[in-house]
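First comes the structure, then the notes that go with it.
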Amino acid sequence: SQELEQSPQSLIVQEGKNLTINCTSSKTLYGLYWYKQKYGEGLIFLMMLQKGGEEKSHEKITAKLDEKKQQSSLHITASQPSHAGIYLCRTDSWGKLQFGAGTQVVVTP
Amino acid sequence: EAQVTQNPRYLITVTGKKLTVTCSQNMNHEYMSWYRQDPGLGLRQIYYSMNVEVTDKGDVPEGYKVSRKEKRNFPLILESPSPNQTSLYFCASQAGNTEAFFGQGTRLTVV
């Protein structure tokens, strides 16, 4: 089955600094989704990437799917307290949704 | 408003007492699925359903049952809960290869 590995597992960033989260797949990605989760709550959809080389931005969050389609990165510019939470990547594999283990982001003053 | 509704949000039960967590979606989605989320393990799929009367095992189906008698509902059944099923559970629905909509979660504790 396809596996997604996220790195880092967690990170602490000072408010105003940038951060990057990576999601690496064991197989070619044909679609990659990013979600954000506040602790103990449901997942909020952020972005979907489907084509190699695709890049999407929403407010201060940018996601890319690399050309070889086995890795995606999520970049947050000038982080704010509202960016704190758990970020998860997800793909589909023959009807099964596979998630990365998540990256916990803490934003300090 | 498009949503996935899970009930209950919180549940404490005793080992062996059958329970059902309900999940309902109002988007006419064909695909629905259940996950459990545990620290360090991320979200793991329990069961999924591609349409009415069609269900398949996910990665961790042991100890769980599901049914899909109608499109909008996809209940998760624990016939004989055990403490290792203490977890945070999520239901989700989606249409085709699109974003999945998640419920708010059910925090289950089995003592």
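So you know, we letter chains A, B, ... as the sequences are listed, proteins then strands, and number each from 1. We use all heavy atoms of the structure for the numbers below, so side chains are in, but hydrogens, waters and symmetry mates are not.
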Point-to-point distance, once rounded to the nearest 0.5 Å, from CG of B:L88 to OH of A:Y39
8.0 Å

Heavy atoms from other residues, nucleotides or ligands near NZ of A:K38 exceed 12 (cutoff 6.0 Å):
yes

Less than 4.5 Å to any heavy atom of chain A: does that hold for the side chain of B:F101, its backbone, both, or neither?
neither

Can A:L88 be reached from B:F102 by stepping across I, L, V, M, F, W or Y side chains whose heavy atoms are under 4.5 Å apart?
yes

Whether over 12 other heavy atoms sit under 6.0 Å from A:K36 NZ:
yes

With a 4.5 Å heavy-atom cut-off (strictly below), which parts of residues 41-55 of chain A touch chain B? List them by number.
A:E41, A:G42, A:L43, A:F45, A:M48, A:Q50

Looking at B:L41, I want to see if its CG is surrounded by more than 12 non-hydrogen atoms of other residues, nucleotides or ligands under 6.0 Å.
yes

Under 3.5 Å donor-acceptor, A:Y35 side chain and B:A100 backbone
yes

Verify the neighbour count for atom CD of A:Q9: are there more than 12 heavy atoms of other residues, nucleotides or ligands below 6.0 Å?
no

Give a yes-or-no answer on whether the side chains of A:Q37 and B:Q37 include a donor-acceptor pair shorter than 3.5 Å.
yes

Any side-chain heavy-atom pair from B:L43 and A:R90 closer than 4.5 angstrom?
no

Common cluster, B:Y47/B:F90, ILVMFWY with side-chain heavy-atom separation under 4.5 Å
no

Hydrophobic cluster membership, with links at side-chain heavy-atom distances under 4.5 Å among I/L/V/M/F/W/Y: are A:Y30 and B:Y48 in one?
no

Does a sphere of radius 6.0 Å around CD in A:E5 hold more than 12 heavy atoms from other residues, nucleotides or ligands, not counting ones at 6.0 Å or beyond?
no

Indicate if A:L74 and A:V13 have the same hydrophobic cluster label, given that clusters are the connected sets of ILVMFWY residues with side-chain heavy-atom separations under 4.5 angstrom.
yes

By a 4.5 Å heavy-atom criterion (distance strictly below it), what part of B:A92 contacts chain A: side chain, backbone, both, or neither?
neither

Contact origin within B:Q94 toward chain A - heavy atom pairs under 4.5 Å:
side chain

Is it the side chain or the backbone of B:E99 that comes within 4.5 Å of chain A heavy atoms, both, or neither?
both

Hey, quick one: are B:V60 and A:F99 part of the same hydrophobic cluster, counting side-chain heavy atoms closer than 4.5 Å, chains of contacts allowed?
no

If we define contacts as heavy-atom pairs under 4.5 Å, which of B:R107, B:Q6, B:Q45 has the most with chain A?
B:Q45

